[in-house]
Amino acid sequence: MDNKLPITCMVIILLAVFFSFFKEPIREVKPIVIEKKEKEVIEEPIINEEPEVIEEPVVQEEQIYSTGIPVLNYHFFYNDDNNNCNETICLAKSKLEEHLKYLTENGFKTLTMQEFIDWYEGRIEVPYKSVLITIDDGAMGTSFINGNILIPLLEQYKVNATLFLITAWWDKDNYKSDYLEVESHGHDIHVTGECGRAKLQCLTYNELYNDLKTSMDILGSNKSFCFPFYTSSGIAPQVLQDLGVKVAFGGGGYNATRNSNRYYIPRYPIYDNITMDQFINMVN
């Protein structure tokens, strides 16, 4: 058998397949159109470049209130270059100024007499750095007519003080200042009495009542009183109570408290030899 026959058959079959493929119409292939969409805008959150400040709660310092108040007791003042006072209760102007400057620069509250009374009677609290300044008599350096040392310094440092005035000796109008109150030191009892002791101790109830009332009427105040020579008597508390006096002051050298005797509040007498360290210890 001729070997060319199978080859011929295969060629015929392949050609038949090839031509049968082209019998179907060629379909048009449409291009695929891809619609272009606008780019979606995504809003990003605005970030504050400054760091967030977290406020911490304010912690207030616990207020410490006073349970004992130093009451300072001054008398007379002189200029440093002219000391004509021979008593230990005279103080140089420079030393008084040093005291007032210390109180001011160290945040002390200098009480008015009404503030002291309100504290003593429990109506108010005052800072533990509180002090009551008192001056007795009204003599050298305390008024416009006898040296004028005290009032200008009180006004310069804005310090409150109370002057206990002997009303039979000096006129209250010589002591006018927004920083100086004037209270009673008696009218005419700052002398030795006929009994050989302080005059206050020699008087009857009526005599003492009339003297103190005269003084308080002149001053227009009966809030407080100061004992001459730091000396009280058996009838004095009753007289003071009947006159409506709130507090009376003596000596002692220790702090006043709410338990102090209403009619003998202690004070620290200030003498000319006081050192600054001693003063600081008193007020602190």
Side-chain angles (χ1 to χ4, degrees), residues 66 68-75 89 109-124 126 130-139 142-143 150-151 154 159-190 198-200 203 208-233 235-270:
S66 179
I69 294 177
V71 183
L72 307 180
N73 173 213
Y74 296 89
H75 284 82
I89 52 177
K109 179 177 178 60
T110 53
L111 302 175
T112 65
M113 183 56 67
Q114 188 60 57
E115 286 173 332
F116 178 85
I117 293 169
D118 288 341
W119 169 81
Y120 177 79
E121 296 184 341
R123 287 188 292 274
I124 65 170
V126 296
S130 295
V131 62
L132 179 66
I133 298 175
T134 67
I135 304 97
D136 288 3
D137 303 341
T142 60
S143 80
L150 173 66
I151 292 174
L154 295 179
V159 168
N160 296 307
T162 298
L163 171 73
F164 290 109
L165 183 66
I166 304 171
T167 51
W169 298 5
W170 292 287
D171 188 339
K172 67 173 185 176
D173 290 338
N174 295 318
Y175 304 86
K176 288 184 177 179
S177 172
D178 290 339
Y179 292 94
L180 185 64
E181 299 176 70
V182 183
E183 295 287 325
S184 176
H185 201 21
H187 182 61
D188 191 21
I189 55 174
H190 205 294
K199 185 175 180 179
L200 180 146
L203 300 180
L208 181 57
Y209 182 98
N210 291 334
D211 182 276
L212 300 190
K213 187 174 187 307
T214 298
S215 172
M216 293 172 187
D217 287 346
I218 290 171
L219 298 174
S221 176
N222 65 340
K223 284 188 292 191
S224 60
F225 169 73
C226 170
F227 287 102
F229 311 117
Y230 306 136
T231 302
S232 183
S233 71
I235 61 171
Q238 188 62 54
V239 171
L240 294 170
Q241 181 178 331
D242 293 347
L243 286 167
V245 176
K246 300 299 182 183
V247 287
F249 296 84
Y254 49 93
N255 283 357
T257 71
R258 285 172 171 154
N259 293 323
S260 296
N261 183 340
R262 176 184 295 273
Y263 293 129
Y264 203 88
I265 302 289
R267 296 184 295 172
Y268 290 97
I270 305 297

Can you check side-chain contact (heavy atoms from CB on, under 4.5 Å) on Phe116 and Ile69, steps first, answer last?
CA-CA 9 Å; Phe116 178 85; Ile69 294 177; 4.3 Å; yes
Any donor and acceptor pair, going by atom type alone, linking the side chain of [X] with main-chain N or O of [Y] inside 3.5 Å?
X: Tyr264; Y: Gly251; result: yes
X: Tyr175; Y: Leu163; result: no
X: Thr134; Y: Leu72; result: yes

To the nearest 0.5 Å, tell me how far [X] [atom1] sits from [Y] [atom2].
X: Ile133; Y: Met113; atom1: CD1; atom2: CE; value: 11.5 Å
X: Ile124; Y: Gln114; atom1: CD1; atom2: CD; value: 8.5 Å
X: Leu200; Y: Ser233; atom1: CG; atom2: OG; value: 4.5 Å
X: Arg258; Y: Glu121; atom1: CZ; atom2: CD; value: 10.5 Å
X: Glu181; Y: Ser224; atom1: CD; atom2: OG; value: 7.5 Å
X: Asp178; Y: Leu154; atom1: CG; atom2: CG; value: 11.0 Å

With the side chain counted from C-beta on, respond yes when [X] and [Y] share a heavy-atom pair under 4.5 Å apart, and no when they do not.
X: Leu243; Y: Phe225; answer: no
X: Ile265; Y: Tyr120; answer: yes
X: Val159; Y: Thr110; answer: yes
X: Ile189; Y: Leu208; answer: yes
X: Phe227; Y: Leu240; answer: yes
X: Ile151; Y: Tyr179; answer: no
X: Lys109; Y: Ser66; answer: no
X: Asn73; Y: Tyr230; answer: yes

Looking at every non-hydrogen atom in both residues, tell me the closest pair between [X] and [Y] and how far apart they are.
X: His75; Y: Ile135; result: O-CG2, 3.5 Å
X: Leu165; Y: Val182; result: CB-CG1, 3.6 Å
X: Val239; Y: Tyr209; result: CG1-CA, 3.7 Å
X: Ser184; Y: Phe164; result: O-CD2, 3.4 Å
X: Ile235; Y: Leu203; result: CD1-O, 3.4 Å
X: Ala168; Y: Asp188; result: CB-CB, 3.9 Å

Applying the side chain to side chain contact (heavy atoms under 4.5 Å, CB included) test to Thr167, which of Lys172, His187, His185 qualifies?
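Only one option passes, and that is His187.
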I need the single residue from Asn210, Asp217, Asp211 that forms a side-chain hydrogen bond (donor to acceptor under 3.5 Å, both in side chains) with Lys213. Which is it?
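Running side-chain hydrogen bond (donor to acceptor under 3.5 Å, both in side chains) over Asn210, Asp217, Asp211 with Lys213 returns exactly one hit, Asp217.
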Lys246, NZ atom: more than 12 neighbouring heavy atoms under 6.0 Å
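No.
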Heavy atoms of other groups near Asp173 CG, more than 12 under 6.0 Å:
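Correct, the count exceeds 12.
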Pair Asp136, His190 - check side-chain contact (heavy atoms from CB on, under 4.5 Å), show working.
CA-CA 11 Å; Asp136 288 3; His190 205 294; 5.9 Å; no
Run the side-chain contact (heavy atoms from CB on, under 4.5 Å) check on Tyr74 and Leu150 step by step: do they pass?
CA-CA 10 Å; Tyr74 296 89; Leu150 173 66; over 6 Å; no
For Arg267 and Leu132, run side-chain contact (heavy atoms from CB on, under 4.5 Å): C-alpha distance rounded to whole Å, both residues' side-chain angles, the deciding distance at 0.1 Å, then the answer.
CA-CA 9 Å; Arg267 296 184 295 172; Leu132 179 66; over 6 Å; no
